[in-house]
S.K.: 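Here it is, the structure in full.
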Amino acid sequence: MSADYDPQEIESRWQATWEAQGVYRANEQGGEPYYLLEMFPYPSGRIHMGHVRNYSIGDAHCRYLRMQGYDVLPPIGWDAFGMPAENAAIKNNSHPGTWTYANIDEMREQLQRMGLSYDWDRELATCHPGYYRWEQKIFLEMLERGVAYRSKQWVNWDPVDQTVLANEQVVDGCGWRSGAPVEKRELESWSIRITDYAEELLEALDQLDAWPDAVRAMQRNWIGRSVGARIDFKVDGVDDLEPVTVFTTRPDTLLGCTYMALAAEHPLALDLAQRAGTTAAVEAFVDQVQAEKNSAGHGEVKEKKGIFTGMYAQHPLLDRKIPIWIANFVLMDYGTGAVMSVPAHDQRDFEFARAYGLDLVPVIQPPDVDEPLVPETMEAAYEGGGQLFNSPGFDGLDYEAAKTAISERLQTMDRGGPTINFRLRDWGVSRQRYWGCPIPVVHCGTCGIVPVPDDELPVELPQDVSFSGAGSPLADHPTWKHVDCPQCGTPAIRETDTFDTFWESSWYFLRYLDPRNETLPFAPEAVAKWFPVNHYIGGVEHACMHLLYARFFTKFLADAGYFETREPFERLTCQGMVIKDGAKMSKSKGNVVDPNEIIDRYGADTARLFMLFAAPPEKELEWNPNGVEGSYRFLKRVWRLGLAAAELPNTPLPETLSKADRELRRSTHWMLKKVSKDIEQHLHFNTAIAAIMEHMNAVNASGLGGELNVHPAVAREAIILSVQALAPFAPHIADELWFRLGGDTPLINCDWPPVDEEAAAADEITIAVQVMGKLRGTVQVPVDAGKDEILAAAKADANVQRHLEGKTIIKEIVVPGRLVNFVAR
RNA sequence: ACGAGCGUGGCGGAACUGGUAGACGCGCUGGAUUUAGGUUCCAGUGGGCUUGCCCGUGGGGGUUCGAUUCCCCCCGCUCGUACCA
């Protein structure tokens with residue numbers, strides 16, 4: 001054994017030892033169960049710094065909890081379905097599974113090199129039929145309960161990935177993965193009624209107080225609940241049409257409605273045009289809007305444009321004919337795709353009305369204005385509150401009261417009524433790709449949609465498949481889709497769509513609990529023991545996608561009787577990005593640092609320590625090569641001092657301690673206390689590590705390794721407790737030194753050492769002395785000094801005296817253990 | 001535009017429920033060891049000057065004996081959503 005710190009040798013040796021002893025296996029440690037989860041990686045080929053950070057945070061917490069006596073479940077697996085595998089298959093003319101499994105092998109090795117404490121016995125890959133058969137079963141339950149449905153609808157089409165995307169997966173008008181501008185297409189596809197859970201998904205956020213506020217706010221906005229009214233407008237002079245329904249948050253302004261506007265994609269748009277004989281013009285307009293949406297993606301400051309259909313609606317409360325327009329600013333995705341326009345009280349409607357010379361009827365009088373609003377002189381819509389006028393039957397009402405009154409009136413007339421609208425849309429889960437989980441239904445000419453019977457699950461992906469790059473490989477497969485209908489036995493066609501890959505990650509945390517179960521997705525006992533997840537760690541980018549879907553799945557499974565728990569993640573930590581030179585690491589910017597190189601050069605302990613030290617988990621972390629060097633230097637120092645301590649005689653603490661002994665023991669136990677506190681309160685590993693560093697500076701000053709100026713037992717204690725405190729962050733070096741200092745059990749299986757409160761307490765403290773709030777000196781007093789003693793000491797300070805000279809003390813403020821402030825005139 | 005968050009030395013970041021601003025690390029300066037580089041160790045390191053004082057936590061105001069911390073206004077940056085009816 002060499003005297004130099006050799007991380008490679010130490011780390012590989014300890015990793016082998018830990019594995020041989022199975023120290024990470026959950027369920028075998030006794031103690032209170034604690035489910036600690038980190039977002040599982042997509043097997044892209046190599047781990048990146050984001051993974052290193054995520055998993056270093058989780059592992060530090062895991063090891064700390066283990067030392068606190070918890071039975072920790074720290075699983076890992078692979079989010080293994082997805083487009084990159086299919087793209088690689090197209091490129092290399094191979095199978096996506098080959099690519100995926102090879103990547104998994106490589107990444108597993110990389111994770112193991114980091115010395116992470118995963119229970120590898122529970123490893124899972126979502127592309128394995130043993131995994132996905134259960135999500136097929138869950139889907140069939142959704143189908144049975146009416147939560148899954150098939151419909152023709154306008155969908156987001158990613159022209160590069162050749163598939164449909166959910167709303168959440170469209171970022172700035174582009175596909176979240178491909179980055180290509182998304183097109184709108186009308187397609188028959190599968191959707192999930194996540195909107196049935198909108199209210200609960202929203203309300204339950206209030207209870208998730210161990211989640212970051214930012215994530216809760218994002219979900220709240222995403223779900224977007226608004227209270228208002230649904231109002232039906234009958235189309236004038238037509239009997240065979242359903243009324244046009246609008247949603248509004250301002251039913252109080254209904255009497256000021258002077259026209260309606262439909263989205264270009266509104267199902268009635270062309271119908272109305274046909275009836276009015278304006279088809280050509282309207283079609284041209286609709287095409288133009290469509291084209292603009294496709295090309296511009298999100299043109300923000302777009303000119304408001306519209307076209308009159310030629311048809312009118314009846315105002316539900318007035319004898320007023322309301323022209324029906326089609327307008328480019330009305331969204332089909334929100335509300336009903338149609339709006340009632342009140343130009344006097346809505347800025348968008350106002351601009352549109354001015355552009356096309358439409359009427360304005362003001363109906364709300366601003367409270368601070370005396371003269372009534374006049375349409376001709378209005379320069380902008382008045383969107384505030386006030387009293388109603390111009391509103392027969394409701395004049396004089398306050399607008400808030402009018403909202404209720406008008407909604408209720410509509411309800412009694414059967415022309416609408418109060419309603420709550422959500423921005424959240426149902427979750428479109430159909431993907432026209434191969435490398436995903438097959439949707440387990442059969443389309444039969446006679447029976448319609450037939451679920452695949454339980455005993456035929458899983459519906460497995462065919463292995464012999466060719467990838468042209470265009471179109472769905474499953475639909476193009478010569479035989480796979482042809483089956484007999486499970487119900488009537490006649491020839492039928494399999495569903496060739498696969499699930500959105502967020503489907504897999506919506507429940508993987510449950511499968512980890514019982515990953516090899518062949519008769520159930522997870523056993524109730526396992527769920528009872530571990531679920532919900534106590535602490536979930538991952539990136540914020542999933543705030544409105546994965547985290548929302550997973551919450552939904554949990555609620556559905558609870559309703560389906562699997563368990564009682566309705567929220568999957570008790571506590572959530574979203575770690576910040578790893579950046580370099582102020583920018584996110586990316587291949588295109590050329591600022592990527594490969595974790596392998598860092599581990600080769602400094603070892604995993606250094607890489608992990610730096611990740612945890614450089615910033616608190618939730619903040620961005622700037623990758624700084626000099627900082628890594630600093631962490632390495634610190635570990636080398638720990639190594640040197642640790643070896644020196646191992647040379648010391650192992651004697652008990654002496655009866656009487658010198659001043660230096662007491663000071664070093666104070667440093668030791670202060671450090672230990674601080675590390676526990678920082679981890680427990682906020683997972684602030686950075687300050688915990690800083691405390692260890694500070695303490696090591698004190699140990700170094702004790703002359704360890706040279707002229708020792710403290711009792712050997714005190715020095716040994718100072719090192720031993722440091723090694724234990726370091727175990728969550730740099731586990732390899734900690735165990736190595738621990739054993740050299742006489743330990744015989746890996747630290748993860750040892751108890752966190754107790755703080756000697758008496759030793760941690762100082763016998764003298766420094767008190768700041770202020771005169772008129774300004775610092776004029778500091779004095780040393782015994783910890784147990786009374787108020788009078790402290791005041792006397794403060795007044796004795798020469799500089800303080802100078803500042804008090806010629807003044808009368810009006811007030812003496814004493815903050816015990818902190819400071820004294822003299823208010824003097 | 002709305003919602004959330006942030007703003008502290010040259011840099012990353014500390015500061016408990018209002019109580020010595022800048023812990024710890026990086027960088028930098030000087031010194032010791034070394035043939036040299038590296039390593040390691042010691043000392044210093046917010047700014048200013050008159051060396052015990054002034055200024056200093058994005059800017060301005062307020063509350064307080066005392067404000068990085070609480071309140072109001074403004075500026076800047078980041079993230080999210082974005083014509084949400």
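Values below: all heavy atoms of this structure, side chains included; hydrogens, waters and symmetry mates excluded. So that the names make sense, note that chain A is the first sequence line, chain B the second, and so on, each numbered from 1.
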S.K.: So, OP1 or OP2 of B:C55: does either fall under 4.0 Å of a side-chain N or O from A:Lys774?
M.R.: yes

S.K.: From B:G25, B:C83, B:U40, pick the nucleotide closest to the side chain of A:Arg640?
M.R.: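 Nearest to the side-chain atoms of A:Arg640, counting from C-beta on, is B:U40.
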
S.K.: Between the base of B:C26 and the side chain of A:Asn626, is there any donor-acceptor pair under 3.5 Å?
M.R.: no

S.K.: Would you call A:Lys673 and A:Glu757 a salt bridge, taking side-chain N to carboxylate O under 4.0 Å as the test?
M.R.: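 Yes, A:Lys673 and A:Glu757 are salt-bridged.
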
S.K.: Identify which nucleotide among B:U20, B:A85, B:G25 has an atom closest to any side-chain atom of A:Met693, counting heavy atoms from C-beta outward.
M.R.: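 Minimum distance to the A:Met693 side chain belongs to B:G25.
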
S.K.: Of the candidate nucleotides B:G19, B:A14, B:A85, which contains the atom at the shortest distance from the side chain of A:Arg348?
M.R.: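 The listed nucleotide nearest to A:Arg348's side chain is B:A85.
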
S.K.: Side chain of A:Arg633: nearest nucleotide among B:C83, B:G19, B:G27?
M.R.: B:G27

S.K.: Which nucleotide sits closest to the side chain of A:Glu694: B:G52, B:C54, B:A23?
M.R.: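 The answer is B:A23, which lies nearest to the side chain.
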
S.K.: B:A85, B:G19, B:G12: which one has an atom nearest the side-chain heavy atoms of A:Thr248?
M.R.: B:A85

S.K.: Using the side-chain heavy atoms of A:Ala768, tell me which of these nucleotides is nearest: B:U40, B:U20, B:G3.
M.R.: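 Among the listed nucleotides, the one closest to the side chain of A:Ala768 is B:U20.
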
S.K.: Indicate, with a heavy-atom threshold strictly under 4.0 Å, whether A:Asn686 touches base, sugar-phosphate, or nothing.
M.R.: sugar-phosphate

S.K.: How about A:Val215 and A:Val540: do any of their side-chain heavy atoms sit closer than 4.5 Å?
M.R.: yes

S.K.: Do A:Lys677 and B:C16 have a side chain to base donor-acceptor pair shorter than 3.5 Å?
M.R.: no

S.K.: A:Thr687 has a side chain; which of B:C41, B:A15, B:U20 sits nearest to it?
M.R.: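 So the nucleotide nearest the side chain must be B:A15.
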
S.K.: In this structure, which one of A:Tyr602, A:Trp623, A:Phe729 forms a ring pair (Phe, Tyr, Trp, His ring centres under 6.0 Å) with A:Phe610?
M.R.: A:Trp623

S.K.: Output yes when A:Lys403 and A:Glu400 qualify as a salt bridge under the 4.0 Å nitrogen-oxygen rule, no when they do not.
M.R.: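 Judged by the 4.0 Å cut-off on N to carboxylate O distance, A:Lys403 and A:Glu400 do form a salt bridge.
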
S.K.: I want to check one thing: is the phosphate of B:A82, taken as OP1 and OP2, less than 4.0 Å away from some side-chain N or O of A:Arg423?
M.R.: yes

S.K.: Please determine whether any donor N or O and acceptor N or O are separated by less than 3.5 Å between the side chain of A:Arg637 and the base of B:C41.
M.R.: no

S.K.: Identify whether any heavy atom of A:Asn421 sits under 4.0 Å from a base atom; if not, whether one sits that close to sugar-phosphate; answer base, sugar-phosphate or nothing.
M.R.: nothing

